[in-house]
Every structure is written in structure tokens, then in C-alpha cells.
Amino acid sequence: MTTVRLTLPDGSHREVPRGGTARQVAESIGPGLARAALAARVNGEIRDLDRPIDSDASLAILTERDSEALELLRHSSAHVLATAVRELFPNAGIGFGPPIEDGFYYDFQVDRPFTPEDLERLEAKMAEVAARDFPFVREVVDRLEARRRFADDPLKLERIAELGDHETITVYTDGPFVDLCRGPHIPRTGRLKHFKLLHAAGAYWRGDEKRQMLQRIYGTAWFKKEDLDAYLHRLEEARKRDHRVLGKQLDLFSIQEVVGPGLIFWHPKGAMVKWLLTRAVEDDNLRSGYDLVYTPNITREELFKISGHLPLYEANQYPAMAAGHEEAEDVRYRVKPMNCPMHALIYKGQQRSYRDLPVRLSEVANVYRNERSGVLHGLLRVRGLSMDDAHIFCTPDQVEDEIFLCLDQVDRLVRQTFGFELDFEVSTRPPERLGDEATWDRAEVTLQRALERKNIPFRIDAGGGAFYGPKIDIKFRDSIGRLWQGPTIQLDFNLPDRFELEYTGPDNKPHRPAMIHRALYGTLERFTGNLIEHFAGAFPVWLAPEQVRVIPISDAQAEASGQLADRLKQAGFRVHVDARNETLNYRIREGEVHKVPYMAVIGQREAESDSLALRVRGAGKKQEVMTVDAFVERLGQEVRSRSMVP
RNA sequence: GCUGACGUAGCUCAAUUGGCAGAGCAGCUGAUUUGUAAUCAGCAGGUUAGGGGUUCGAUUCCCCUCGUCAGCUCCA
């Protein structure tokens with residue numbers, strides 16, 4: 001009898017008969033490991049514990065301590081969910097059921113959508129399936145057999161038809177349920193103990209909105225009860241930092257039903273944050289060699305025909321408006337969804353020499369996009385956007401340097417200033433696009449090479465580019481982990497053609513410039529929303545709408561408090577006095593709840609000594625008494641350096 | 001846009017099988033003059049998102065519209 005030699009992670013070796021399993025190895029090491037074993041990593045590939053091993057290999061036994069095991073648990077949980085669904089809804093069609101971050105989902109084709117009561121029943125049924133401790137059994141089948149087994153399930157048949165001829169088709173059985181699945185799985189359903197079904201929602205089959213809508217059930221699963229509880233608690237906590245909740249509590253912004261969804265009212269405090277952010281980016285732009293421009297909010301729609309926005313972007317634009325009084329009736333206007341055509345016109349307005357390039361035009365501009373109603377989301381997805389937009393016109397061989405400049409700005413203004421972790425993605429050509437293939441090839445390569453030269457890791461989002469060019473997208477996470485695109489750097493070799501932009505080269509001949517669209521924050525709306533969640537509403541002092549709240553202990557210090565506030569205002573700080581007829585405790589609490597960075601408490605001692613008792617946000621009772629001059633010095637330093645305090 | 005859930009005072013939430021719409025906070029008035037996270041009392045606050053229907057009677061049941069939330073699709 002032949003054996004295979006297995007190398008364990010500690011470098012030791014085990015021999016098992018050819019066709020032996022990882023489970024046997026685990027058993028030979030010890031009963032504890034045998035009980036804990038969930039799967040195996042064989043030559044780097046995760047496999048079922050009971051899958052035979054046919055040749056010498058490296059082998060690691062996976063237990064719940066391995067992160068891969070959690071993914072397996074969730075994938076198996078999805079199968080258990082499907083098992084439960086088939087028990088209660090025998091006719092349900094079975095779609096996809098993958099593990100996802102923190103959980104899993106499964107898509108079903110059912111006669112009616114799932115109700116919250118259905119989810120309760122399904123959860124109970126899942127517990128039952130888990131308790132019966134069915135083994136997950138892997139089986140290799142040929143195409144004919146696969147078709148036969150899933151003959152009554154068109155969704156599965158569609159997937160079988162897509163599998164290549166050389167691909168191994170496997171099915172997994174747990175108790176009464178059989179699924180077409182690549183695996184691997186945990187050994188038995190009994191390992192599933194701590195799970196919860198979270199919600200149901202519609203989801204298009206194959207992610208295609210032209211196809212039928214299936215019903216998706218989301219759930220979460222963990223090895224330990226503490227982990228499940230901690231996760232559910234984390235979801236609750238996240239709700240508290242939701243920018244829509246904080247926006248109301250801190251009176252930053254509102255959205256008014258009479259005016260319409262996706263249109264933001266910036267209240268005084270939110271407007272201050274937005275203004276400070278705008279100043280910061282304009283400041284950086286001017287220092288980085290950009291010029292500032294302002295362009296119209298509406299235009300004859302001819303402009304968007306030239307640019308190609310019509311008809312390619314028309315679904316996202318507001319419909320045309322009738323002509324002004326003195327113009328012919330067939331002249332129609334559009335509100336602008338983007339600034340690029342406007343900036344292209346400024347470029348085109350004069351003869352440009354290669355000596356003038358790059359021309360960098362920046363504008364924090366309001367644009368309006370008719371986003372579909374279901375996608376709107378607080379500040380993170382709106383219809384009226386303030387873009388910190390800019391367009392760079394340069395020679396083709398300046399492109400890479402200009403992209404470096406943009407990446408440096410993003411690093412300085414976004415990563416360093418706010419401590420955001422950045423997540424880079426290159427989005428390539430979409431199905432609906434302008435321009436020829438060679439141009440797209442060149443543009444996509446340019447972007448990737450720029451990131452590689454900067455040693456910035458990135459992912460590829462195939463087909464995610466704009467209609468006029470590929471882009472580097474940079475994403476943020478919101479309070480519950482959803483990704484939102486912030487900064488974007490987009491290459492465009494198409495608009496220069498459509499507007500026939502030119503510069504005169506050293507050869508005294510006309511050349512076509514390249515064009516880069518770029519936004520550092522993305523939009524002020526989305527960026528501010530992300531910032532609110534990032535700081536949980538507690539802005540660093542340079543960004544806080546109210547930096548200092550002066551609190552007299554009693555009426556006797558009201559005048560001294562007013563004078564202190566005036567001095568601080570003269571020094572350029574944002575200050576309010578809270579001399580309301582309330583207890584000191586009440587006013588301190590208000591200041592903390594409203595997340596004011598500093599409270600300056602003025603009692604008799606302070607009033608007499610030109611000093612203040614400083615209470616720092618979040619630091620509790622620990623107060624510091626200092627002179628007014630010392631405080632002004634400290635505050636000024638913190639604001640100038642945009643330091644992340646308190 | 002699609003699927004589902006939801007919409008009660010400025011905010012957070014109650015209201016039994018369809019039977020007079022309520023509380024806390026915020027607001028206003030008064031008392032209190034406070035040394036670091038909610039002083040006390042009184043007053044006021046509503047076309048129950050909007051419209052239609054069923055009913056003796058609708059916050060409650062049905063239909064339509066608008067909006068919000070979650071997900072899908074789309075996107076900064």
C-alpha cells in the first residue's frame with residue numbers, strides 16, 4: 001500500500017495511506033484537534049476535511065482560530081438557510097449564496113417576498129437543521145447528472161450551462177438539501193450555533209436589472225456567542241455615528257420634503273464645516289499651481305451635445321428647460337451635471353502654447369444630477385452636489401507627472417489631514433463609451449503605471465470607468481462599512497477631440513492636449529458626510545463649527561465672559577457664550593453633547609485673574625486653569641497646524 | 001427605477017379587538033444664581049406625510065401619491 005507524505009506547518013511530517021484525509025491526520029495528532037478541525041489547507045488550497053489526499057503535500061488543519069474557517073462557516077450557514085427555505089418553501093428556486101464580510105446571503109426565487117415573520121420561522125428551522133448535525137457531503141458529478149439533479153431549477157441549470165467543459169462539477173448535500181456548489185464546507189451543520197437572519201431584500205438575478213428580481217436573505221454567523229453579540233452591538237453603535245443621525249442632533253444640515261430629496265440645506269454649523277473644507281482645498285489648489293474659475297450653472301443644451309453627455313449621460317441629467325424670453329423657442333437649456341465642458345471652453349477661448357501647459361482650472365461648483373430615487377442616501381448620495389472639481393490640460397507626456405501631483409494632493413489633503421485610510425481602484429472602460437479602443441488601452445495603462453510608480457496598491461474595477469475615460473477611484477468606508485467613492489482622478493482623451501482643443505507645439509504645429517478630471521474630496525456633501533462619521537461628529541478644533549463655548553458660573557461673571565468671547569473672536573476663533581439661566585452642570589452637559597471642543601468656564605477666580613478654566617471635550621472633570629493669553633496661543637497653534645485635537 | 005418595511009408634536013417614542021391622540025426632551029413664562037454631564041413649577045405645542053375609500057366612527061382597515069430606511073441596479 002502506498003502512502004503520501006504530508007508536511008505540517010511546524011515542518012514535521014506525517015504519512016497517511018494514499019487517499020487518506022486531513023481528518024485522519026488531525027485524529028492522529030490528538031482528539032482535541034480532531035474535534036476542533038473544520039477544514040484543511042492542502043498546498044495552499046482550502047479543502048473539505050474529508051476530501052482524500054492523493055499526493056505529497058503541505059497540510060494545515062484549520063480550526064475556528066483561522067479567518068478562512070469563518071468564511072467557511074458563513075458559506076455553510078448559507079446552505080443551512082437554503083435547507084430551511086426548501087423545507088418551508090418547497091418550490092423555491094435557488095440562486096447564489098456566498099459568504100460576505102461579517103455574514104452571508106442567499107438568493108431565492110419564491111412566489112411571494114419573505115416577511116419578517118418568515119425570517120423568524122426560517123431562523124428556527126435553521127436551528128433545527130443545525131441541531132440535526134447533518135454532514136456536508138461532497139460529490140463530483142458529470143454535466144448530464146448535474147442537469148438531471150437540478151432539472152426543476154432553471155437558475156441552477158443556467159449556471160451549469162455556463163461551466164466550462166474542463167471544470168469539475170461538484171454538489172454538496174446536507175440532509176435533505178442538495179446544492180450545486182464548488183465548496184468547501186465545514187464538516188457538519190452542527191458546527192453552526194451562533195447566527196442571526198438580519199433582513200430580506202430584492203436582488204436582481206445575476207445583478208442584471210433587466211432580469212427577474214429574486215428575494216435575498218442576509219444573515220450573520222460566528223463561532224462564539226460573544227462574537228455574535230459584539231457584532232450586533234457594533235451595528236447599534238454604528239447607528240449612533242450615522243451622519244444622518246448626527247446631522248440632526250448637531251443641527252448640521254437637513255433635507256426638506258417640499259424642496260425635494262437629495263437637495264441639501266446646510267444649516268449654519270454644517271455650512272461652517274463645508275466652508276472650511278472648501279477653503280482648505282482651494283488653498284491647496286492655489287499653492288499647487290491651479291487657477292480658480294467660476295462657470296455658469298445652466299447652458300444651452302448644445303454644449304452637452306458637443307461634449308457627448310447627450311445622449312450618453314442624459315438619464316442622469318435634468319430635462320431641458322424652455323428658452324429665455326428673447327430667444328427662439330427651440331433653444332433649450334440644461335442645468336449642468338459636470339463642469340468639464342465649461343472648463344474646456346475656457347481652455348479653447350485662447351491660443352495655447354506648449355509653454356502654457358499644463359493649464360489647471362479648478363472650481364468648487366454646484367452641479368445637479370437626476371439620481372434615481374432609490375440610491376439617495378443622506379449626504380453620501382445627493383442630487384445637488386458641490387464638486388471640488390478641476391481639469392488639467394497638458395501634453396501627453398506631462399500626464400503622468402500631473403497624475404502624481406493629484407495623488408500627492410489627495411495624500412496631503414485627505415489621508416494626512418484627516419487620517420483616512422485610502423482604498424485605490426482603477427476603473428476601466430464601460431460598455432457605453434466614447435472613443436476608440438487604442439485610446440482606452442493607452443489611458444488605462446497610464447493610470448495603472450502611475451500608481452505602480454508611486455507604489456500604491458490598487459484593485460481593478462473592470463467596466464467601472466466614466467463614459468469618456470478610465471479613472472482612479474479612491475474609496476472611504478461609512479459607519480457600517482459600506483464603501484463610497486471620494487477622490488477621483490479621471491483621464492480623458494475624448495473631450496479634447498470633441499471640443500477640438502489644441503496647443504501649438506515646439507514644431508509650430510497644432511497638437512491635441514490630454515485632459516485630466518479630478519476631485520480631491522469628491523463632493524463636499526459626501527466628504528462631509530464621511531467626515532461626520534469618521535469623527536462621530538466630534539470635529540477637530542480647526543474644523544469645529546463652534547470652537548469655544550464660554551460658560552460663566554453665575555450672572556456675576558456674565559460681563560467678563562462676554563469680554564472674553566470678544567477677545568477670542570477678535571483673535572479669529574468661533575466662540576459662543578452660554579449665559580443661560582441654567583445650572584452649570586446643565587450647560588456643561590450641553591457643551592459635551594454638542595461636541596464643542598473647548599469649554600471655558602469663568603468663575604469669580606478666573607474673572608479676577610484674566611484666566612479661564614478649560615474643559616476639554618471628552619476629558620471629563622480634568623480641567624486646566626490657564627491665562628487667556630496662553631489659551632489663545634494654544635488654540636492658534638492647533639488651528640494653524642490643523643491638528644487632530646482634542 | 002426595482003423589492004420589502006416604515007411615516008404620530010421641533011426631536012425620541014406611546015396609543016387595547018376601529019371608540020375623546022399621550023409622555024420625555026427641546027420651546028415659552030416664573031422661581032432659583034449655580035465650580036464641571038440634565039434645578040423646580042406652570043404654559044403652550046397635532047388636519048396622525050398628503051389625497052381618496054370602507055365605516056355610526058379611522059392614527060388603526062383598503063387604494064393612490066410623496067418621503068424615509070435596508071438591499072439590488074446605478075454613481076461623486
Side-chain angles (χ1 to χ4, degrees), chain A residues 105 107 112-116 118-119 198-218 239 242 244-245 248-249 251 254-258 260-262 313 315-316 337-338 367 369-382 385-389 427 430 464 466 471 473-476 480 482 484-488 490 517 519-527 529-530 551-558 579 581-593 599 601-606 613-623 625:
Chain A
Y105 69 76
D107 290 342
R112 61 165 179 84
F114 296 112
T115 63
D118 289 336
L119 292 195
L198 297 173
H199 54 267
Y204 298 108
W205 171 234
R206 312 309 294 262
D208 183 347
E209 66 178 321
K210 293 187 184 65
R211 305 197 63 174
Q212 62 198 301
M213 183 162 263
L214 306 181
Q215 294 302 317
R216 175 172 298 180
I217 297 176
Y218 285 88
R239 178 68 192 153
D242 187 313
R244 293 163 300 183
V245 173
K248 210 173 264 179
Q249 278 170 10
D251 196 23
S254 66
I255 297 165
Q256 310 275 344
E257 194 172 329
V258 275
Y313 199 72
N316 276 303
M338 291 185 189
V367 301
R369 299 180 180 178
N370 194 4
E371 300 288 344
R372 299 207 278 178
S373 60
V375 305
L376 300 174
H377 186 95
L379 291 178
L380 300 185
R381 186 76 180 269
V382 295
L385 305 60
S386 317
M387 300 192 71
D388 70 305
D389 208 0
S427 300
K471 47 185 189 163
D473 287 333
I474 299 166
K475 305 198 171 189
F476 304 123
I480 62 169
R482 289 175 295 209
W484 297 89
Q485 184 182 319
T488 182
Q490 315 186 346
H517 311 234
L520 304 180
Y521 295 141
T523 65
L524 271 303
E525 283 74 18
R526 180 173 289 177
F527 193 75
N530 278 125
I551 303 180
I553 284 178
S554 77
D555 286 351
Q557 295 87 40
N581 180 14
E582 298 287 353
T583 60
L584 178 65
N585 275 340
Y586 179 89
R587 287 174 291 155
I588 294 284
R589 179 169 194 279
E590 283 268 290
E592 289 284 349
V593 167
M599 281 181 266
V601 178
I602 306 300
Q604 195 184 341
R605 293 197 295 272
E606 289 76 18
L614 184 69
R615 182 182 167 115
V616 179
R617 179 182 64 205
K621 268 188 187 162
K622 204 172 52 185
Q623 50 173 313
V625 178

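Order of the sequence lines sets the chain letters (A, B, ...), proteins ahead of strands, with each chain counted from 1.
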Practice item. Taking atom C1' in both B:U8 and B:U60, compute the distance separating them and give it to the nearest angstrom. Key: 11 Å
Check your understanding: Heavy atoms under 4.0 Å, any strand shown: does A:K210 hit a base, just sugar-phosphate, or nothing?
Key -> nothing
Check your understanding: Within the side chain of A:R369, is there an N or O that forms a donor-acceptor pair under 3.5 Å with the backbone of A:P337?
Key -> yes
Review point. When we call it a touch if two heavy atoms are under 4.0 Å apart, what does A:R244 touch: a base, just sugar-phosphate, or nothing?
Key: sugar-phosphate
Revision key, fill the gap. Between CZ of A:R381 and P of B:A76 the distance, given in whole Å, is 8 Å
Practice item. Can you tell me the pairing partner of B:U39 across any strand shown, Watson-Crick or G-U wobble, with both distances under 3.5 angstrom? Key: B:A31
Exercise for review: Rounded to whole angstrom, note down the C1' distance from B:A9 over to B:C13.
Suggested key: 11 Å
Revision key, fill the gap. Side-chain contact check for A:E209: nearest option of B:C72, B:U73, B:C11 is B:U73
Exercise for review: Answer with base, sugar-phosphate or nothing: what part of the nucleic acid does A:E606 contact at a heavy-atom distance below 4.0 Å?
Suggested key: base
Practice item. Measure the distance from CG on A:D473 to C1' on B:C74 and round it to the nearest whole Å. Key: 14 Å
Point to revise | Pairing of A:R112 and A:D118 as salt bridge, 4.0 angstrom limit | key: yes
Point to revise | Inter-nucleotide C1' distance (B:A70, B:G52), Å rounded | key: 30 Å
Review point. Taking the C1' atom of each, how far is B:A5 from B:G46, in whole Å?
Key: 25 Å
Exercise for review: Any strand is fair game: report the nucleotide pairing with B:A14 by Watson-Crick or G-U wobble, both distances under 3.5 Å, or none.
Suggested key: none
Review point. Of all the choices, B:G71, B:A76, B:G67, which nucleotide is nearest to the side chain of A:E257 once you look at every atom?
Key: B:G67
Point to revise | Nucleotide of B:C74, B:G67, B:A76 approaching A:P261 most closely (side-chain heavy atoms) | key: B:G67
Exercise for review: Record whether the side chain of A:Y204 comes under 3.5 Å of the base of B:G1 through a donor-acceptor pair of N or O atoms.
Suggested key: yes
Check your understanding: Hey, does A:E606 have a side-chain heavy atom less than 4.5 Å from the side chain of A:V601?
Key -> no
Study note, to complete from the structure: Between A:S373 and A:Q490, the residue closer to the 5' end of RNA chain B by nearest nucleotide is A:S373
**Study point:** Polar side-chain contact A:R482-B:A70 base: donor and acceptor under 3.5 Å
**Key:** no
Exercise for review: Using whole Å, report how far CD of A:E590 lies from C1' of B:G27.
Suggested key: 12 Å
Check your understanding: If you look at every strand shown and take non-hydrogen atoms under 4.0 Å, does A:Q604 touch a base, only sugar-phosphate, or nothing?
Key -> base
Check your understanding: Checking only heavy atoms, does the side chain of A:R216 share a donor-acceptor pair with the base of B:C72 at less than 3.5 Å?
Key -> no
Exercise for review: Classify the nucleic acid contact of A:A613 as base, sugar-phosphate or nothing, counting any heavy atom under 4.0 Å across all strands shown.
Suggested key: base
Check your understanding: Taking 4.0 angstrom as the limit, do A:R244 and A:D242 come out as a salt bridge?
Key -> yes
Point to revise | Base B:A37 paired with A:E592 side chain (donor-acceptor, <3.5 Å) | key: yes
Check your understanding: Given atom CZ of A:R587 and atom P of B:U36, what is their separation to the nearest angstrom?
Key -> 12 Å
Exercise for review: Check every atom of B:U34, B:A70, B:A37 against the side chain of A:R615 and return the nucleotide holding the closest atom.
Suggested key: B:A37
Check your understanding: Quantified in whole Å, what is the C1' atom distance between nucleotide B:G67 and nucleotide B:A49?
Key -> 7 Å
Check your understanding: Is any side-chain N of the basic residue among A:R589 and A:E582 closer than 4.0 Å to the acidic one's carboxylate O?
Key -> no
**Study point:** From B:A26, B:U73, B:A76, nucleotide with atom closest to A:Y586 side chain
**Key:** B:A26
**Study point:** Side chain A:N585 and base B:U36 donor-acceptor under 3.5 Å
**Key:** no
Study note, to complete from the structure: The nucleotide from B:U36, B:U3, B:U33 with an atom nearest the side chain of A:S554 is B:U33
**Study point:** Watson-Crick or G-U wobble partner of B:C74, both distances under 3.5 Å
**Key:** none
Study note, to complete from the structure: Among the nucleotides B:G71, B:A70, B:C75, whichever has the atom closest to the side chain of A:Y218 is B:G71
Review point. So do A:I588 and A:M599 actually touch side chain to side chain, heavy atoms under 4.5 Å?
Key: yes
Exercise for review: State the pairing partner of B:C56; accept Watson-Crick or G-U wobble contacts with both distances under 3.5 Å, and report none otherwise.
Suggested key: B:G19
Review point. Between A:I255 and A:L379, who's closer to the 5' end of RNA chain B by nearest nucleotide?
Key: A:I255
Practice item. Write down the distance separating the C1' atoms in B:A21 and B:A14, rounded off to the nearest Å. Key: 10 Å
Review point. Just wondering, do A:R526 and A:F476 contact through their side chains at under 4.5 Å, heavy atoms?
Key: no
Point to revise | Sugar-phosphate, base or nothing in reach of A:V382, heavy atoms under 4.0 Å | key: base
Exercise for review: Any strand is fair game: report the nucleotide pairing with B:C66 by Watson-Crick or G-U wobble, both distances under 3.5 Å, or none.
Suggested key: B:G7
Point to revise | Any side-chain heavy-atom pair of A:W484 and A:R381 under 4.5 Å | key: yes
Review point. Would you call A:E592 and A:R615 a salt bridge, using N to O less than 4.0 angstrom?
Key: yes
Exercise for review: Mind checking A:M387 for me? I need base, sugar-phosphate or nothing, with any heavy atom below 4.0 Å counting as a touch.
Suggested key: nothing
Practice item. Consider the side chain of A:L584, meaning its heavy atoms from C-beta on, and name the nucleotide among B:A76, B:G1, B:U34 that approaches it most closely. Key: B:U34
Review point. Taking the P atom of each, how far is B:C28 from B:G35, in whole Å?
Key: 24 Å
Check your understanding: Going by modelled atom types, is there a donor-acceptor pair between the base of B:C2 and the side chain of A:R211 at under 3.5 Å?
Key -> no
Review point. Across the strands shown, which category fits A:G464 at heavy-atom distances under 4.0 angstrom: base, sugar-phosphate, nothing?
Key: nothing
Point to revise | Closest listed nucleotide, where the reference is the side chain of A:I588 and the choices are B:A76, B:G67, B:U36 | key: B:U36
Review point. NA contact type, A:G207, heavy-atom cut-off 4.0 Å: base, sugar-phosphate, or nothing?
Key: sugar-phosphate
Practice item. Mark yes or no for a side-chain to base donor-acceptor pair under 3.5 Å between A:Q215 and B:G71, with no hydrogen or angle criteria applied. Key: no
Exercise for review: Determine the Euclidean distance between corresponding C1' atoms of B:U59 and B:G71; express it in Å to zero decimal places.
Suggested key: 29 Å
